[in-house]
Amino acid sequence: MKNLFEKLLSYYNISQEEYEKMQTTDIDNLPNYNVFSNIVDACDFIKEAIKKQKKILIYGDYDCDGIMSTSIMKNVFKKVNYDVGFYIPSREEDGYGLNIKNIDLFNKLGYKIIITVDNGITLVNEIDYASKLGIDVIVLDHHMIQEKMPNAKFIIHPSLSTIGEYNISAGEVCFYFSWAFLGYIDKYLITLASISTISDMMPLKSYNRLLVKLGIKYLNEYKYDSIYDLIDKKYEIISEDNFGLEIAPKINSIGRMINDNTRFNIVKYFTSNDDLNKKRLVWINHNNCLRKVKIKEISDGIEIDNNKSSIVITINKNEGLAGLIANHLLNKYNQPVVVFSTTNENELLKGSARSKPGFNIVDSFDNLKHLIIQYGGHDCAGGLTINRNNLNEFSRLFEEYAKNHSFLELEKGKIEILLSELNISDYNIYRSFGPFGEGFEKPTFTLKDFNVSSFYESKDGKHLFSSPTSTSKIVYFNYNKKIKNRKKVDLIGELTRNTFKNQIYIQFLVKEFCEKN
């Protein structure tokens with residue numbers, strides 16, 4: 001029988017040679033910034049502007065990628081002792097991307113250069129307007145290029161580069177800019193970019209994988225306060241799970257919960273080392289807790305029609321939470337979801353949609369575009385704006401589309417693991433295939449013919465535990481009571497590592513079980 005290493009190679013369909021290439025953390029294997037054809041010219045232009053003391057502003061976005069991008073660029077100018085402004089738009093007041101209202105404001109404030117990060121590639125009219133006012137706009141973006149591109153001074157974009165076939169986050173674009181501008185690689189900025197790569201679900205392959213590996217390595221090595229302090233439980237080894245499950249959601253919570261100017265503190269948190277950062281950390285954690293409470297409060301109050309094949313609901317304001325609520329309802333009811341929120345313009349509703357393979361969000365919007373003012377997105381997530389008067393008709397046609405486009409039941413492969421492989425050595429082999437993420441997901445393991453009698457219950461009767469050895473555990477949280485009626489089952493789950501009282505345990509976390517005939 002194959003050992004765990006061989007099973008993992010087979011699961012990911014890679015050779016040992018490919019595996020060995022994946023192990024590198026050699027920074028020299030990153031693509032050079034010169035893959036972006038006009039990046040050096042853009043840097044020279046900005047350096048000349050600095051000599052002339054021109055006012056420069058960084059215009060970001062309210063999600064984690066946009067905040068990381070803005071923080072990277074703000075740090076770049078800080079390193080050359082040049083003070084620049086920055087702006088994180090309000091999701092509700094400003095919407096996505098640079099707009100005319102804010103261009104007028106920046107013009108009055110005397111800004112001559114605006115650098116858009118994580119937005120800009122679709123802003124043709126806005127950038128033309130800025131140019132007429134004598135403001136040069138430099139675009140650092142990664143979103144899909146449209147048929148007509150903006151007439152910006154410079155555009156730095158992965159599609160206008162030779163970096164490779166995989167898209168990169170805006171934070172990663174900004175990291176390459178920092179490298180070109182400063183003339184060296186800054187490890188803290190790589191770490192910020194790696195967070196944005198995880199949060200924006202970029203494919204964890206090739207240069208993206210290496211960037212994330214480097215970010216994880218540097219955070220473990222240097223314990224950067226601004227990032228490390230966002231992790232609640234300090235595990236011995238920080239992994240991509242900490243990036244995706246703890247750090248990124250906390251950063252995102254600010255853009256979702258805060259619409260006044262205190263939202264700028266999230267960038268200050270990643271660009272300052274002053275005493276106020278302790279207060280900013282408390283503020284971030286507080287808003288993240290509020291986000292969780294608000295989502296539960298709203299979600300618990302939603303009534304769903306179980307006779308329908310889709311969910312279309314409206315919530316009052318809370319535009320920043322609409323996507324999270326949609327995702328919550330999708331996972332709970334396994335139906336395509338659109339959550340609309342009311343806006344300051346009473347006749348308009350803004351919506352966030354979530355789906356799974358089999359129901360393409362953009363295709364559904366194409367089918368209903370006569371009712372939609374604007375929309376965008378990809379297969380399983382999207383956003384749209386409609387007139388409130390069209391809500392009932394939209395709901396009816398969306399339901400019809402859902403009835404004819406059911407989710408596909410995708411059977412994921414599983415790796416059979418033995419009880420004897422629940423040890424630190426085999427766990428380290430498993431982790432050596434990481435980081436795991438988009439396009440390179442964690443493997444699912446199956447523990448076959450497990451004796452149910454080996455389990456014992458927690459004191460409250462909600463969980464099951466088993467200890468095959470002194471250093472391994474099988475944990476089944478909130479277990480399905482049906483398992484008690486079986487003698488043997490196949491357990492399906494994932495591997496984790498836990499430390500308790502200085503003892504390392506390898507855990508098999510049970511997600512579900514298959515009954516044996």
Side-chain angles (χ1 to χ4, degrees), residues 27 30-36 38-61 64-88 98 106 111-120 135-142 152-158 161 163 168-197 200 211 214-215 218-219 222 224-227 251 264-274 277:
I27 205 165
L30 282 174
N32 189 275
Y33 60 79
N34 281 316
V35 296
F36 297 92
N38 55 359
I39 198 167
V40 173
D41 291 338
C43 290
D44 289 343
F45 175 79
I46 292 174
K47 287 175 181 177
E48 191 62 31
I50 289 174
K51 288 179 183 177
K52 296 176 180 177
Q53 295 290 297
K54 288 188 177 182
K55 289 189 74 173
I56 299 172
L57 181 125
I58 305 158
Y59 195 98
D61 188 30
C64 182
D65 189 19
I67 290 166
M68 292 296 92
S69 300
T70 307
S71 300
I72 290 169
M73 295 300 289
K74 179 71 174 170
N75 274 302
V76 167
F77 287 100
K78 185 178 178 182
K79 287 178 182 298
V80 295
N81 297 312
Y82 195 73
D83 189 33
V84 299
F86 72 88
Y87 191 86
I88 297 296
L98 182 64
F106 303 142
Y111 285 102
K112 295 301 179 184
I113 297 174
I114 297 176
I115 304 172
T116 67
V117 296
D118 199 26
N119 72 100
I135 299 173
D136 291 312
V137 180
I138 298 173
V139 174
L140 277 69
D141 201 359
H142 74 131
K153 186 72 177 178
F154 297 100
I155 298 175
I156 300 170
H157 191 285
S161 76
I163 193 167
I168 66 176
S169 67
E172 195 169 343
V173 174
C174 293
F175 156 69
Y176 282 106
F177 179 89
S178 77
W179 183 3
F181 189 85
L182 297 172
Y184 62 87
I185 289 175
D186 184 281
K187 294 177 180 179
Y188 176 63
L189 301 188
I190 277 189
T191 309
L192 295 181
S194 68
I195 294 169
S196 75
T197 300
D200 236 38
L211 185 94
L214 289 167
Y218 297 146
L219 185 55
Y222 299 109
Y224 301 115
D225 288 345
S226 61
I227 304 172
I251 298 168
F264 301 144
N265 281 324
I266 189 65
V267 173
K268 292 176 183 177
Y269 177 77
F270 290 104
T271 57
S272 305
N273 293 314
D274 55 37
N277 257 14

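Sequential numbering from 1 along the given sequence is applied to the chain's residues.
- When all heavy atoms of I113 and A49 are compared, the pair lying nearest together is CD1-CB, 3.4 Å.
- Using a 4.5 Å heavy-atom threshold, the side chains of H142 and D200 count as touching.
- Side chains of F36 and H157 form no contact here, defined as non-hydrogen atoms less than 4.5 Å apart.
- Checked against the 6.0 Å centroid threshold, Y218 and Y224 do not count as a close aromatic pair.
- Note that OG of S71 is 7.5 Å distant from CD1 of I266, once rounded to the nearest 0.5 Å.
- Side chains of D61 and V117 form no contact here, defined as non-hydrogen atoms less than 4.5 Å apart.
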Review point. Is there a side-chain contact (heavy atoms from CB on, under 4.5 Å) between T197 and I168 once you walk through the steps?
Key: CA-CA 7 Å; T197 300; I168 66 176; over 6 Å; no
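- Rounding to the nearest 0.5 Å gives a distance of 4.5 Å between CD1 of I114 and CD1 of I135.
- Sorted by first then second residue, the side chain to side chain donor-acceptor pair (under 3.5 Å) pairs that include residues 174-188, not counting sequence neighbours, are K79-D186, K187-Y222, Y188-S226.
- Within the structure, side chain to side chain donor-acceptor pair (under 3.5 Å) contacts touching residues 51-60 (residues at least two apart or in different chains) are Y59-N102.
- Interatomic distance, D118 CG to I58 CD1, rounded to the nearest 0.5 Å: 13.5 Å.
- Taking every heavy atom of both residues into account, V139 and G120 meet most closely at CG1-C, 3.9 Å.
- Among all heavy-atom pairs drawn from I156 and A42, the shortest one is CD1-CB, 3.9 Å.
- Residues meeting the side chain to side chain contact (heavy atoms under 4.5 Å, CB included) test with A193, sequence neighbours left out: I72, F175, L211.
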Exercise for review: Let me see the working for T271 and T70 under side-chain contact (heavy atoms from CB on, under 4.5 Å), right down to the final yes or no.
Suggested key: CA-CA 10 Å; T271 57; T70 307; over 6 Å; no
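- Outside the 6.0 Å centre-distance limit, the rings of Y33 and F177 are not counted as a close aromatic pair.
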Exercise for review: Could you please spell out the steps behind the side-chain contact (heavy atoms from CB on, under 4.5 Å) verdict for D141 and V173?
Suggested key: CA-CA 7 Å; D141 201 359; V173 174; over 6 Å; no
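- Looking only at distances, a side-chain donor or acceptor of D65 sits under 3.5 Å from a matching main-chain atom of G171.
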Review point. Under the side-chain contact (heavy atoms from CB on, under 4.5 Å) criterion, do L98 and Y87 qualify, and how do the steps go?
Key: CA-CA 10 Å; L98 182 64; Y87 191 86; over 6 Å; no
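- The CD1 atom of I138 sits 10.5 Å away from atom CG of D41, with the distance rounded to the nearest 0.5 Å.
- The closest donor-acceptor contact from the side chain of D225 to the backbone of N273 lies at 3.5 Å or more, if one exists at all.
- In terms of the side chain to side chain contact (heavy atoms under 4.5 Å, CB included) criterion, residue partners of D83 (sequence neighbours excluded) are, by chain and number, K74.
- Inter-residue side-chain proximity for V137 and F154 is flagged as unmet; no heavy-atom pair is nearer than 4.5 Å.
- Closest non-hydrogen pair, C174 versus L140, comes out as SG-CD2, 3.9 Å.
- Between G215 and I190, the closest heavy-atom pair is N-CG2, 4.0 Å.
- Side-chain contact between Y269 and I251: absent, with no pair of heavy atoms (C-beta onward) separated by less than 4.5 Å.
- The shortest side-chain heavy-atom distance between L57 and I115 does not fall under the 4.5 Å cut-off.
- Distance check, rounded to the nearest 0.5 Å: CG of L189 to CE of M73 gives 10.0 Å.
- If you take CD1 on I227 and CG on L192, they are separated by 4.5 Å, rounding to the nearest 0.5 Å.
- Pairs of residues two or more places apart, or lying in two chains, that qualify as salt bridge (Lys or Arg N to Asp or Glu O under 4.0 Å) and include a residue from residues 264-274 are D274-R280.
- For D44, there are no side chain to side chain donor-acceptor pair (under 3.5 Å) partners two or more places apart in sequence or in a different chain.
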